[in-house]
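Order of listing sets the numbers, starting from 1, for every ligand and every atom in it. Heavy atoms only: backbone and side chains are in, while hydrogens, waters and symmetry mates are out.
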Amino acid sequence: MHLKINDPILDVVIKAAMAGGDVCKKFFAQDLKFENKDVSNLVTEADIQAEQAIVEVIRREFPTHDILAEESHTASTSSKHLWVVDPLDGTNNFAHQIPHFAVSIGYWRDGIPQAGVILNPIRDELYYAKSGAGAFGQGAYLSGERLVTNSETALDQSLVGCGFYYDRGEMMRATLRAVESCFERNIHGIRRFGTASLDLIHVASGKYGAFFEYRLAPWDFAAGRLFIEEAGGKITTCRGEVLGLNQSTILASNGHLHEELLELVQKFHP
Ligand code: IPD
Ligand code: CA
Ligand code: CA
């Protein structure tokens, strides 16, 4: 995969994501040991080494910037120049040899997303997004093709994605109730693919009408938020608030379905 986009920040996000993606690919489908951070929250050597490779690229290019990354880098979310990294989103898939996972990196300045990359290393799909007009312009793209959310206004014509947080209690039950309520509205189907960043890409590229999850970490959506906005959709918390860089509930949609789904997910909000 070779891509040259004349944008200094985006160039680095892409380089870093590809470094992480190479590590994930190298380890994929090997008999990897994994540790449990929690009952279903796993971590493998690939998560750790991919994060190291990504951080190395960012540090080399922007030594004064801050990095918040899932495995071992912390930073204040209000930092002026902040890189938010999920080195391997979809570790559960990865650990069970399911080829559906991603590297997700968002660059935020003064609390506002500026650039993002979500890379599916197995399919060699590199999604990139940039906010604001510059040499590169703005928008969300895959291989030069702009991503656009779909224009569906009816839930009964839509696929909806969801995610389950790691608990086996309140949040899991709330999610199941919300899913049941979606089915009662005759949605085309529910999807739970296990990689939040790629779920957000499914909304940005018009495949899902919407996606929700009752708890995600900043690295799960730091890039994805920009993709939804640049593709013409809407993304908020499950209470309709602005989605900042805190652990949060999340609702992303094509915009048209937002109000109806917001009412639904809010009703079951744990
Ligand atoms: C997880 C995935 C999953 C979502 C979880 C996330 P990880 O990320 O994105 O789809 O449901 O809430 O934590 O742990 O594989 O990086
Ligand atoms: Ca993740
Ligand atoms: Ca991860």
Side-chain angles (χ1 to χ4, degrees), residues 16-17 20-21 23-25 27-28 32 34-55 67-74 83-106 116-122 127 160-176 178-179 190-204 207-208 210-225 227-228 235 237-238 243 245-252 265 270:
V23 173
C24 296
K25 262 202 291 203
F27 281 108
F28 183 59
L32 267 189
F34 49 81
E35 283 174 28
N36 289 56
K37 293 190 213 171
D38 201 339
V39 65
S40 64
N41 190 358
L42 312 178
V43 62
T44 70
E45 192 55 30
D47 299 67
I48 291 159
Q49 287 198 25
E51 183 164 311
Q52 276 164 2
I54 292 165
V55 167
I67 301 175
L68 171 65
E70 180 174 9
E71 304 311 334
S72 55
H73 294 81
T74 53
W83 295 71
V84 188
V85 177
D86 193 336
L88 203 179
D89 187 28
T91 299
N92 221 319
N93 284 344
F94 184 91
H96 293 282
Q97 305 193 355
I98 294 170
H100 186 78
F101 52 86
V103 176
S104 173
I105 306 177
V117 164
I118 294 173
L119 168 68
N120 178 336
I122 295 297
Y127 298 88
V160 176
C162 74
F164 285 82
Y165 185 64
Y166 298 111
D167 84 324
R168 291 291 187 266
E170 214 188 357
M171 255 178 292
M172 175 198 68
R173 282 189 288 275
T175 311
L176 289 170
V179 167
I190 198 87
R191 294 292 179 269
R192 195 293 192 248
F193 287 145
T195 302
S197 57
L198 293 176
D199 287 316
L200 292 170
I201 289 293
H202 285 340
V203 177
K207 296 180 178 74
Y208 292 168
F211 164 78
F212 72 94
E213 183 158 349
Y214 283 127
R215 185 176 292 173
L216 282 178
W219 41 82
D220 295 315
F221 60 79
R225 185 186 127 172
F227 279 87
I228 300 293
I235 183 163
T237 70
C238 289
L243 182 67
L245 272 181
N246 297 309
Q247 189 182 58
S248 180
T249 59
I250 187 166
L251 172 64
V265 292

Check whether any side-chain heavy atom of [X] sits under 4.5 Å from a side-chain heavy atom of [Y], and report yes or no.
{"X": "Asp86", "Y": "Ser197", "result": "no"}
{"X": "Phe212", "Y": "Val160", "result": "yes"}
{"X": "Gln247", "Y": "Tyr165", "result": "yes"}
{"X": "Ile235", "Y": "Leu200", "result": "yes"}

Heavy atoms only, cut-off 4.0 Å: how does Tyr166 contact ligand 1, side chain, backbone, both, or neither?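 Side chain only; the backbone of Tyr166 stays clear of ligand 1.
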
If you measure from each non-hydrogen atom of Arg192 to ligand 1, which part falls under 4.0 Å: side chain, backbone, both or neither?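 Within the 4.0 Å criterion, Arg192 contacts ligand 1 through side-chain atoms alone.
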
Numbering as shown, the atoms of ligand 1 that approach [X] to under 4.0 Å (heavy-atom distance):
{"X": "Thr91", "answer": "15 (O)"}
{"X": "Phe164", "answer": "11 (O)"}
{"X": "Thr195", "answer": "9 (O), 10 (O)"}
{"X": "Gly194", "answer": "2 (C), 3 (C), 10 (O)"}
{"X": "Ala196", "answer": "2 (C), 9 (O), 10 (O)"}
{"X": "Gly90", "answer": "7 (P), 15 (O), 16 (O)"}

For Glu70, what is the atom name of its N, O or S atom nearest to the Ca ion (ligand 3)?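 Distance check against the Ca ion (ligand 3) picks out OE1 in Glu70.
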
Would Leu198 and Phe193 count as a side chain to side chain contact (heavy atoms under 4.5 Å, CB included) here? Give the steps. CA-CA 8 Å; Leu198 293 176; Phe193 287 145; over 6 Å; no

Could you tell me whether the side chain of [X] and the main chain of [Y] form a donor-acceptor pair under 3.5 Å?
{"X": "Thr44", "Y": "Ala46", "value": "yes"}
{"X": "Arg215", "Y": "Met171", "value": "no"}
{"X": "Asp89", "Y": "Asp220", "value": "no"}
{"X": "Asp167", "Y": "Met172", "value": "yes"}
{"X": "Glu51", "Y": "Ser72", "value": "yes"}
{"X": "Asn93", "Y": "Phe101", "value": "no"}

Please confirm if an N, O or S atom belonging to [X], backbone or side chain, lies less than 3.0 Å from the Ca ion (ligand 3).
{"X": "Leu88", "answer": "yes"}
{"X": "Asp86", "answer": "yes"}
{"X": "Asp89", "answer": "no"}

Contact check: [X] vs ligand 1, nitrogen or oxygen atoms, below 3.5 angstrom:
{"X": "Asn92", "result": "no"}
{"X": "Leu88", "result": "yes"}
{"X": "Leu216", "result": "no"}
{"X": "Asp89", "result": "yes"}
{"X": "Asp86", "result": "yes"}

The Ca ion (ligand 2) - closest N/O/S atom in Asp220: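 Answer by atom name: OD1.
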
